[in-house]
Amino acid sequence: MIIGGGINGCGIARDAAGRGLSVALAEMNDLAWATSSASTKLFHGGLRYLEYFELRLVREALIERERLLSAMPHISWPMRFVLPYGSDMRFDTDTPAARLLHAVMPWLKGRRPAWMIRFGLWLYDHLGGRKILPATSTLDLTTAPEGAPLQERFVKAFEYSDCWVEDSRLVSLNARDAAERGAEIMVRTRVMATERDGDEWRIALEDTETGELKVIRARCLINAAGPWVGEILRGTVHLNTREDVRLVRGSHIVTRKLYDHDKCYFLQGTDGRIIFAIPYETDFTLIGTTDADHPDPSVKPECTVEEQDYLCDFASAYFAKPITRDDIVWTYSGVRPLYDDGASSATAATRDYTLKVEANGGAPILNVFGGKITTYRRLAESALAKLAPWFAGLGPDWTAGVALPGGDFPVDGVKALQQRLAGEYPFLDGFHVARLVRAYGTDAFDMLGAARSYDDLGQSFGATMTACEAAWLMDHEFARTAEDIVWRRGKLGLRMSAAEINKLEGWMRRRRAGGMPKAAE
């Protein structure tokens with residue numbers, strides 16, 4: 001039994017179901033409702049973690065980056081990152097790398113020489129055995145198009161590779177694949193109480209929409225509740241432990257498109273932090289993230305006015321045209337449940353994951369602390385390895401390189417797939433075709449089925465969302481509300497009006513009242 005429908009919970013569910021285990025997962029809200037839909041949307045090794053000498057974490061993430069890219073080329077794709085360099089830049093002086101540099105070269109006073117940054121990027125290129133992504137290069141910003149949006153004082157930049165990922169879609173596709181392999185995925189289901197009963201757990205569940213109660217038995221309990229992992233430990237399972245998470249709020253702003261090319265910017269601040277400016281949903285730019293302690297998971301994280309100003313000012317120190325709150329079209333914020341390692345600041349807290357098993361002579365509970373989206377698959381493998389002593393004959397690791405639903409095509413095959421979809425469904429416009437391929441990959445053909453005209457897709461709700469697609473998301477990806485669809489299964493909420501979203505909500509309610517097939521059917 002898994003508690004939590006974020007990326008860690010759904011990743012573990014998929015892995016366990018694929019090994020033949022009987023799996024149930026309970027999520028009190030929607031899949032990816034919290035942390036897993038509020039990331040910076042990157043599969044990356046974490047370039048800045050090199051400053052903390054977290055080489056194992058970076059190496060594992062870099063290896064996973066390309067492995068995952070191959071398994072989900074519809075929802076993940078390569079991106080190039082431009083790191084503008086100035087000799088007067090100062091960095092965090094409290095990292096291990098900064099302290100070492102200060103001891104050897106105290107006259108730099110927090111500055112990083114170009115050779116040091118270039119060495120870090122060389123290490124980033126080679127630490128994970130890169131095969132698909134191009135290597136680091138140097139740009140002359142006085143002539144390169146990437147320099148046009150920036151202030152004239154930036155004349156040089158380094159350009160390196162990482163990957164984009166549609167984070168909340170990654171969660172729903174893992175859940176869908178788990179369901180197709182036999183797992184029971186229960187959304188809007190709260191774990192009310194747990195009790196050890198010898199070699200089993202008795203778990204009381206409540207459907208938060210209907211109020212229906214039921215009790216299930218499980219040989220193992222996995223606490224992957226993210227920001228609520230501590231509450232589950234102490235309030236639901238009643239374990240006396242000092243293990244806990246440090247809750248760190250990360251906020252983002254979305255503005256109208258700030259520049260025309262498709263590359264991202266890696267921007268370094270005078271306070272030692274970094275932010276990204278990333279092309280987003282065709283017509284927008286995503287800027288983030290902040291790091292701030294967030295002590296109470298029951299308080300909904302919001303991007304505060306102070307954080308909005310911070311991100312605007314940070315980016316404005318680089319871009320030629322200043323960015324203000326008037327440019328913001330949307331904000332979002334999530335709480336990262338980092339393992340509490342006693343770090344002095346939220347920025348310094350480790351992004352590595354920690355798995356703890358407690359059996360106390362009976363049925364085991366595995367508690368998941370921390371982690372990052374790039375290493376979710378390896379976390380799931382490690383979780384199953386931890387539980388292997390309780391499951392004789394557990395199957396071997398299997399998820400590496402196995403495509404998620406819709407991802408069974410080559411990494412460089414997106415354009416070919418879009419051309420094929422446009423050929424079979426000529427009534428779709430270019431934006432619609434591109435969006436469907438990026439969301440569903442080869443499953444787009446199954447979704448559209450025998451449609452021969454736009455009217456065959458059913459009611460239109462705006463921004464290319466149709467009844468055909470909404471029904472697919474309800475039947476195959478556990479969507480219950482319009483919010484689930486327009487903000488987590490996709491981001492059409494940026495393009496749809498409140499009236500259009502309400503129209504979709506009404507249609508979904510009527511459809512659910514008439515009966516909804518199980519997602520795995």
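All values derive from a computational prediction rather than experimental measurement.
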- Item | Taking every non-hydrogen atom, the tightest pair across L62 and G45 | CD2-CA, 3.7 Å
- With the side chain counted from C-beta on, respond yes when L379 and K372 share a heavy-atom pair under 4.5 Å apart, and no when they do not. no
- Run through E166, E483, E27, E477 and flag the one making a salt bridge (Lys or Arg N to Asp or Glu O under 4.0 Å) with R488. E483
- Message: Could you measure the distance from the CD1 atom of I287 to the CG atom of L267? Nearest 0.5 Å is fine.
- Response: 8.0 Å
- Message: So R14 and L404, do their side chains get closer than 4.5 Å, heavy atoms only?
- Response: yes
- Task: Measure the OG1-NE2 distance between T442 and H74 for me, rounded to the nearest 0.5 Å.
- Result: 7.0 Å
- Message: Between E64 and R378, does any side-chain N to carboxylate O distance fall below 4.0 Å?
- Response: no
- Query: Under 3.5 Å, is there a donor-acceptor pair between the T464 and R435 side chains?
  - Reply: yes
- Query: What's the shortest heavy-atom distance between L421 and A444, and which atoms?
  - Reply: CD1-CB, 4.1 Å
- Roughly how far, to the nearest 0.5 Å, is CD of Q308 from CD of E302? 10.0 Å
- Ring centre gap for Y265 and F276 strictly below 6.0 Å: no
- Minimum heavy-atom distance between A479 and I485, given as atom pair plus value: CB-CG1, 3.9 Å
- Message: Treating D177 as the side-chain partner and L173 as the backbone partner, does any N or O pair qualify as donor plus acceptor under 3.5 Å?
- Response: no
- Message: Do the side chains of D327 and K321 get close enough for a salt bridge, i.e. N-O under 4.0 angstrom?
- Response: no
- Message: Tell me whether R495 at atom CZ has more than 12 heavy atoms from other residues, nucleotides or ligands lying less than 6.0 Å away.
- Response: yes
- Message: Just by distance, no angles: are the side chains of D484 and T481 close enough, under 3.5 Å, to form a donor-acceptor pair?
- Response: yes
- Cation-pi check, R489 onto W472 ring (under 6.0 Å, within 45° of axis): no
- Are any non-hydrogen side-chain atoms of N8 and Y353 less than 4.5 angstrom apart? no
- Minimum heavy-atom distance I75-R438, with the two atoms named: CG2-O, 3.5 Å
- Do other residues, nucleotides or ligands put more than 12 heavy atoms under 6.0 Å from the CG atom of D296? yes
- Task: Under the side chain to side chain contact (heavy atoms under 4.5 Å, CB included) rule, what do L42 and D162 come out as? Steps first, then yes or no, please.
- Result: CA-CA 8 Å; L42 298 178; D162 262 323; 5.8 Å; no
- Message: Working note: S251 + T304, criterion side chain to side chain contact (heavy atoms under 4.5 Å, CB included); need CA distance, chi angles, decisive distance, verdict.
- Response: CA-CA 8 Å; S251 295; T304 65; over 6 Å; no
- Query: Within 45 degrees of the axis of the six-membered ring of Y124 and under 6.0 Å from its centre: does R130 put its NZ or CZ there?
  - Reply: no
- Message: Working note: F431 + L436, criterion side chain to side chain contact (heavy atoms under 4.5 Å, CB included); need CA distance, chi angles, decisive distance, verdict.
- Response: CA-CA 9 Å; F431 172 82; L436 291 180; over 6 Å; no
- Message: Main chain of R169, side chain of S172: is a donor-acceptor contact present, judged purely on distance under 3.5 Å?
- Response: yes
- Exam field: side chain S37 to backbone A32, donor-acceptor pair closer than 3.5 Å: yes
- Item | Atom of H126, atom of W122 and distance for their closest heavy-atom approach | ND1-O, 2.8 Å
- Query: Taking the side chain as C-beta and beyond, is there a heavy-atom pair between L69 and L133 under 4.5 Å?
  - Reply: yes
- Message: How close do A114 and K156 get, counting heavy atoms only, and between which atoms?
- Response: CB-NZ, 4.1 Å
- Backbone N or O of G9 within a donor-acceptor pair of the Y376 side chain at under 3.5 Å? no
- Is a donor on one side and an acceptor on the other found under 3.5 Å between the side chain of R480 and the backbone of D30? no
- Can E146 and R80 be counted as an ion pair, charged N to O under 4.0 angstrom? no
- Do the non-hydrogen side-chain atoms of T35 and P227 ever get within less than 4.5 Å of each other? yes
- Query: Is a side-chain donor or acceptor of D15 paired with a backbone partner of G11 at a separation under 3.5 angstrom?
  - Reply: no
- Message: Can you confirm whether I278 sits close enough to K41 that some side-chain heavy atom of one is under 4.5 Å from a side-chain heavy atom of the other?
- Response: no
- Heavy-atom distance under 4.5 Å between the side chains of M72 and F43, does that happen here? yes
- Do any N or O atoms from the side chain of N223 and from the backbone of V229 form a donor-acceptor pair under 3.5 angstrom? yes
- Task: Would you check, one step at a time, whether the test side chain to side chain contact (heavy atoms under 4.5 Å, CB included) holds for F461 with L492?
- Result: CA-CA 11 Å; F461 302 105; L492 287 181; over 6 Å; no
- Message: To the closest 0.5 Å, what do you measure between CZ (R59) and CG (L123)?
- Response: 11.5 Å
- Is there a side-chain contact between C312 and I328, using heavy atoms and a 4.5 Å cut-off? yes
- Does S316 use its side chain to pair, donor to acceptor, with the backbone of I323 at less than 3.5 Å? yes
- Output for pair (I2 CD1, I12 CD1), nearest 0.5 Å, gives 6.0 Å
- Backbone of T289 reached by a side-chain donor or acceptor of R273 within 3.5 Å: yes
- Query: Any side-chain donor paired with an acceptor under 3.5 Å for T290 and E307?
  - Reply: yes
- Item | Geometric class of the Y259/F319 ring pair [parallel <30°, tilted 30-60°, perpendicular >60°] | parallel
- Could you label the plane-to-plane angle of the Y160 and F266 rings as parallel, tilted or perpendicular, counting under 30° as parallel and over 60° as perpendicular? perpendicular
- Task: Ignoring hydrogens and angles, tell me if any N or O in the side chain of T285 forms a donor-acceptor pair with the backbone of L258 under 3.5 Å.
- Result: yes
- Message: I'd like to know if E66 pairs up with K131 as an ion pair, taking the criterion as any Lys NZ or Arg NE/NH1/NH2 lying under 4.0 Å from an Asp or Glu carboxylate oxygen.
- Response: no
- Message: Regarding T40 and H252, do their side chains bring together a donor and an acceptor under 3.5 Å, going by distance alone?
- Response: yes
- Roughly how far, to the nearest 0.5 Å, is the CG atom of D262 from the CH2 atom of W164? 12.5 Å
